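The shown structure was predicted, so the numbers you read here are calculated from the model rather than taken from an experiment.
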Amino acid sequence: MASLKNVLLIGVQIIILPAPPIALRLPLAGGNLGVPVLKGFLDSPYKVSVLTRKESTSTFPEGVSVFKADYTDMSSVKGAMEGQDVVISMVGGIAAGDQRVFIDAAIAASVKRFFPSEFGPYSRNPEFAAVNPVVLPAKAGTWDFFGFDLSSKTVTLIDGGTSVFTATSLSTIGKALIAMLDHADETKNQYVFVSSFNVSQKDILDVVEKVDGQKWTVKHDTSEKVIAEGKRRLAAGDFAGIIDLTRGGAFGKQALGDSRPYGLWDDKLGLPREDIEQAVKDVL
């Protein structure tokens with residue numbers, strides 16, 4: 001088995017906000033996924049460090065080594081990767097180009113395992129690539145992304161909301177990454193698909209209304225309109241259009257967010273089963 005001990009995380013963004021509920025809904029890219037993953041590694045036997053942009057003002061728990069670098073300068077990034085066994089990239093879609101620098105630096109620093117930022121629908125599915133040419137490593141867990149507006153108790157269903165998609169909680173993604181290192185030989189050079197739930201928007205709505213004890217307002221949209229809006233926003237320089245493209249492909253009638261056909265690794269990695277009702281209670 002590969003000897004993997006030192007882990008470097010890229011894309012951990014910590015933002016202190018005065019009103020905690022807001023933090024549940026902010027699409028912070030690295031901040032959304034990075035913080036739960038960091039917490040998971042802090043509770044693991046692995047030694048974890050963090051790489052941030054040189055201008056970052058984020059602060060981290062005591063004992064976490066923090067490296068700062070110019071993400072466009074391979075030599076700067078390579079210095080942070082020296083002595084690291086594993087590099088996990090969790091940068092958002094608009095920073096995807098930075099990963100080429102990360103990969104080159106990881107090779108130069110003799111890193112043993114590199115995880116690209118692939119935390120969403122299968123990017124090598126040609127149908128999904130056709131819908132979303134700027135592939136977003138979507139961070140499942142932001143309820144606005146699923147179409148649920150908590151403040152107004154409104155949900156927007158795409159193509160009726162019946163297509164099943166694979167969703168994974170942020171904490172389980174952290175557990176999965178640790179389990180992949182624990183099973184280093186089996187997961188080497190593999191696409192590893194995991195899930196907390198395989199559900200549709202309507203499935204989630206049923207649970208939300210049960211837990212909340214009241215009916216929610218339901219709106220409807222089509223995947224064609226959502227995808228067209230995403231393309232329009234991207235053409236105008238608004239990278240939030242990536243989210244529309246992902247939502248349209250994953251939740252619409254094409255059902256491109258369902259990872260089950262590729263084979264799930266949940267049992268092989270020993271990941272715990274999750275209860276969707278409890279997950280909804282935690283969010284609400």
Side-chain angles (χ1 to χ4, degrees), residues 1-5 7 9 11 32-46 48 85-90 112-128 135-143 145-146 162-204 206-208 210-211 246 249-251 254-283:
M1 176 173 292
S3 177
L4 306 175
K5 297 179 180 178
V7 179
L9 305 180
N32 242 12
L33 177 59
V35 173
V37 169
L38 173 60
K39 183 179 184 301
F41 272 102
L42 287 173
D43 295 333
S44 79
Y46 297 95
V48 65
D85 299 310
V86 179
V87 172
I88 300 176
S89 173
M90 295 173 286
K112 298 172 184 175
R113 191 66 52 88
F114 182 88
F115 289 74
S117 188
E118 291 278 343
F119 300 98
Y122 186 29
S123 61
R124 289 201 173 186
N125 179 344
E127 294 179 277
F128 180 68
V135 176
L136 171 71
K139 308 299 190 287
T142 303
W143 283 78
F145 178 77
F146 289 147
T162 59
S163 292
V164 174
F165 55 89
T166 297
T168 311
S169 69
L170 300 178
S171 61
T172 293
I173 292 175
K175 292 183 177 110
L177 287 167
I178 293 168
M180 288 171 69
L181 299 186
D182 292 341
H183 296 77
D185 291 338
E186 300 100 303
T187 60
K188 181 180 180 181
N189 295 328
Q190 300 292 319
Y191 269 90
V192 176
F193 297 91
V194 299
S195 70
S196 296
F197 319 105
N198 294 284
V199 292
S200 68
Q201 286 183 297
K202 285 194 72 175
D203 292 334
I204 295 175
D206 289 342
V207 178
V208 166
K210 176 184 175 182
V211 171
T246 304
F251 306 150
Q254 289 179 276
L256 300 178
D258 189 352
S259 296
R260 292 175 298 175
Y262 307 111
L264 299 176
W265 288 62
D266 302 342
D267 291 338
K268 286 186 282 188
L269 295 180
L271 297 178
R273 298 294 181 187
E274 292 192 65
D275 176 37
I276 190 168
E277 186 169 322
Q278 184 59 52
V280 170
K281 286 179 180 177
D282 292 342
V283 173

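- Side-chain contact check for Asp85 and Ser3: no donor-acceptor pair (N or O, by modelled atom type) lies under 3.5 Å.
- Listed by chain and residue number, nothing satisfies the side-chain hydrogen bond (donor to acceptor under 3.5 Å, both in side chains) test with Asn189 (two or more places apart in sequence, or in another chain).
- When all heavy atoms are compared, the tightest approach of Ala184 to Arg113 is O-NH1, 3.3 Å.
- Remark: Asp43 engages Lys39 in a salt bridge, criterion side-chain N to carboxylate O under 4.0 Å.
- Considering only residues two or more places apart in sequence or on other chains, Asp203 meets the salt bridge (charged side-chain N to carboxylate O under 4.0 Å, His left out) condition with none of them.
- Considering NZ of Lys202 and OG of Ser163, their distance stands at 11.5 Å, rounded to 0.5 Å.
- Separating the OG atom in Ser171 from the CG atom in Leu33 is a distance of 10.5 Å, to the nearest 0.5 Å.
- Put simply, the side chain of Thr168 gets close to the backbone of Val194: a donor and an acceptor are under 3.5 Å apart.
- Without hydrogens or angle criteria, Asp266 side chain to Leu271 main chain gives no donor-acceptor distance under 3.5 Å.
- Every residue two or more places apart in sequence or in another chain that forms a side-chain contact (heavy atoms from CB on, under 4.5 Å) with Lys268 is listed here: Trp265.
- Considering CD1 of Ile204 and CZ of Phe251, their distance stands at 7.5 Å, rounded to 0.5 Å.
- Lys281 meets the side-chain hydrogen bond (donor to acceptor under 3.5 Å, both in side chains) test with no other residue; sequence neighbours excluded.
- In this structure, Met90 CE and Leu9 CG are separated by 4.5 Å, a value rounded to the nearest 0.5 Å.
- Note that CZ of Arg260 is 8.0 Å distant from CG of Leu264, once rounded to the nearest 0.5 Å.
- Taking both residues in full, the closest heavy atoms of Pro36 and Leu170 are given as CG-CB, 3.7 Å, listed atom of the first, atom of the second, then distance.
- Taking Thr172 as the reference, Ser169, Glu274 meet the side-chain hydrogen bond (donor to acceptor under 3.5 Å, both in side chains) condition, with sequence neighbours excluded.
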**Request:** Report the C-alpha distance between Asn198 and Phe165 in whole Å, list the side-chain angles of each, state the deciding distance to 0.1 Å, and finish with yes or no for side-chain contact (heavy atoms from CB on, under 4.5 Å).
**Result:** CA-CA 6 Å; Asn198 294 284; Phe165 55 89; over 6 Å; no

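- Side chains of Phe115 and Val192 form no contact here, defined as non-hydrogen atoms less than 4.5 Å apart.
- In this pair, Tyr46 and Phe41 present their aromatic rings perpendicular. The plane angle is above 60°, beyond the 30 to 60° band.
- Residues forming a side-chain contact (heavy atoms from CB on, under 4.5 Å) with Asp275 (at least two apart in sequence, or on another chain): Glu277, Gln278.
- Closest of all the heavy-atom pairs between Leu269 and Ala176 is CD1-O, 4.4 Å.
- Within the 3.5 Å criterion, the main-chain N or O of Phe193 finds no donor-acceptor partner in the side chain of Ser259.
- Nearest heavy-atom pair across Phe119 and Ser89 is CE1-O, 3.4 Å.
- Taking CG of Leu177 as the start and CG of Asp182 as the end, the distance is 11.0 Å to the nearest 0.5 Å.
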